[in-house]
Amino acid sequence: MKAILGEARFYFAQCVFNCSCQYEAYGRYEKERNNRHNIALGISGVSIVCLCLTVVCWESGWQIFLRILSLLGTFLTAASMIFELYNKEDLTEIMCYHKQAAEDYKQLRDSFMDIIRQIKSNIDDGIVESRLQLCLHDYGILGKYSLPTNGDDYVNAQKSLGLSGQGESFTWSSEEIDKFLPVELRENSSVE
């Protein structure tokens, strides 16, 4: 039963961490999407100002300013078209996939926590092991189909979870796992 407990604790921690990584990726794409929206808004705002100034210069007969605004308008139109080609990819869909993966990891995390609770309650080994196998299967499928995260997401997830590791590490100390569990399910209840 100790081996099953160790395995359940390990994958519980993996789910906590992967959930955090997916949320970090979601946040990264959200920031990029907002930046793109701000750039598009800026280009549109300057274009509207140029259009208004063009009308004023036209009515006032200021030909030199009219030529400058015409060139600026042409440049802004080209910039807008190029930016639209760059901005063709819809980041909202990618964000939704990352958020869904995070929620799926969260649900799986809760299942692993329930297995830990069952082990601590001395539930029949066969029942616990079959549930663990089902969760491991789900974990494998989720890892296979969730979108990848990058190194920044990984480091930010470590920071947000209060982990001290640097870089990619798939080992968990008992104290680190205990940080994520309720006091009643911890191996060492003095961990805060």
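For the pair Phe12/Leu181, a side-chain contact is recorded, criterion being any heavy-atom separation below 4.5 Å from C-beta on. Side-chain contact between Leu51 and Ser47: absent, with no pair of heavy atoms (C-beta onward) separated by less than 4.5 Å. Counting only heavy atoms from C-beta outward, the side chains of Thr149 and Tyr154 never approach each other to under 4.5 Å. Contact annotation: the side chain of Cys135 never approaches that of Tyr11 to less than 4.5 Å [non-hydrogen atoms, C-beta and beyond]. Between Ile94 and Leu91, some side-chain heavy-atom pair lies under the 4.5 Å cut-off. Within the 4.5 Å cutoff, the side chain of Asp114 has heavy atoms near those of the Gln118 side chain.
To the nearest 0.5 angstrom, Glu129 atom CD is 10.5 Å from Asp124 atom CG. Rounding to the nearest 0.5 Å gives a distance of 11.5 Å between CD1 of Ile115 and CE of Met113. Rounded to the nearest 0.5 Å, atoms OG1 (Thr54) and CG (Leu69) are 4.5 Å apart. Here the CG atom belonging to Leu147 is positioned 13.5 Å from the OH atom belonging to Tyr26, to the nearest 0.5 angstrom. Here Leu72 contributes atom CG and Cys50 contributes atom SG; the two are 3.5 Å apart, rounded to the nearest 0.5 Å. With rounding to the nearest 0.5 Å, the separation of CZ in Arg36 from OH in Tyr29 is 9.5 Å.
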Contacts under 3.5 angstrom, residues 98-110 side chains, donor-acceptor by atom type, not counting sequence neighbours:
{"residue": "His98", "atom": "ND1", "partner": "Gln22", "partner atom": "OE1", "Å": "2.6"}
{"residue": "Gln100", "atom": "NE2", "partner": "Asp104", "partner atom": "OD1", "Å": "2.9"}
{"residue": "Glu103", "atom": "OE2", "partner": "Tyr23", "partner atom": "OH", "Å": "2.0"}
{"residue": "Glu103", "atom": "OE2", "partner": "Lys106", "partner atom": "NZ", "Å": "3.4"}
{"residue": "Lys106", "atom": "NZ", "partner": "Tyr23", "partner atom": "OH", "Å": "3.3"}

Show me the side-chain donor-acceptor pairs of residues 73-85 shorter than 3.5 Å, one per line, residues at least two apart or across chains.
{"residue": "Thr74", "atom": "OG1", "partner": "Ser70", "partner atom": "O", "Å": "2.9"}
{"residue": "Thr77", "atom": "OG1", "partner": "Gly73", "partner atom": "O", "Å": "2.9"}

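Nearest heavy-atom pair across Trp172 and Gln14 is NE1-OE1, 2.6 Å. Of all heavy-atom pairs spanning Lys120 and Glu184, the tightest one is CD-O, 4.3 Å. Between Ile177 and Ala13 the shortest heavy-atom distance is CG1-CB, 3.7 Å. Of all the heavy atoms in Gly162 and Lys179, the pair that sits closest is O-NZ, 3.1 Å. Taking both residues in full, the closest heavy atoms of Gly143 and Ser146 are given as O-OG, 3.8 Å, listed atom of the first, atom of the second, then distance. Here the closest heavy-atom approach between residue Ala8 and residue Ile116 is recorded as CB-CG1, 4.0 Å.
Taking the charged nitrogens against the carboxylate oxygens, Asp152 and Arg28 have no contact shorter than 4.0 Å, which rules out a salt bridge.
Put simply, Leu136 and Ile141 are part of two different groups of oily side chains (I, L, V, M, F, W, Y) that touch within less than 4.5 Å, one to the next. The cluster map of Ile, Leu, Val, Met, Phe, Trp and Tyr, joined by side-chain heavy atoms under 4.5 Å apart, puts Ile43 and Ile68 in different clusters. A single hydrophobic cluster is seen to contain both Ile127 and Leu5, as judged by linkage of ILVMFWY side chains at heavy-atom distances under 4.5 Å, directly or through other members. With hydrophobic clusters built from ILVMFWY side chains whose heavy atoms lie under 4.5 angstrom apart, Ile123 shares a cluster with Ile119.
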Audit row: Leu142, Asp138, side-chain contact (heavy atoms from CB on, under 4.5 Å) steps and yes/no: CA-CA 6 Å; Leu142 185 54; Asp138 292 347; over 6 Å; no

Would you sort out whether Arg186 and Glu175 count as a side-chain contact (heavy atoms from CB on, under 4.5 Å), showing the intermediate values? CA-CA 9 Å; Arg186 293 178 181 171; Glu175 293 78 24; over 6 Å; no

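Put simply, the side chain of Glu7 never gets that close to the backbone of Ile4: no donor and acceptor are under 3.5 Å apart. Listed for the Ser60 side chain is no donor-acceptor partner under 3.5 Å among the backbone atoms of Cys57. Judged purely by atom type and a 3.5 angstrom limit, Arg33 has no side-chain atom pairing as donor or acceptor with the backbone of Thr92. With hydrogens and angles ignored, the 3.5 Å screen pairs no side-chain donor or acceptor of Asn156 with any backbone N or O of Glu24.
For the pair Arg131 and Phe112, the cation does not sit on the ring face, since its NZ or CZ is not both under 6.0 Å from the ring centre and inside 45° of the axis.
Around the NZ atom of Lys159, the shell of radius 6.0 Å holds no more than 12 heavy atoms that belong to other residues, nucleotides or ligands.
Tyr97 and Glu93 are linked by a side-chain donor-acceptor pair at a separation below 3.5 angstrom, with hydrogens and angles left out of the test. In this model, a donor atom of one side chain and an acceptor atom of the other lie less than 3.5 Å apart for Ser174 and Arg9.
Ring-centre distance between Phe17 and Phe180: not below the 6.0 Å cut-off.
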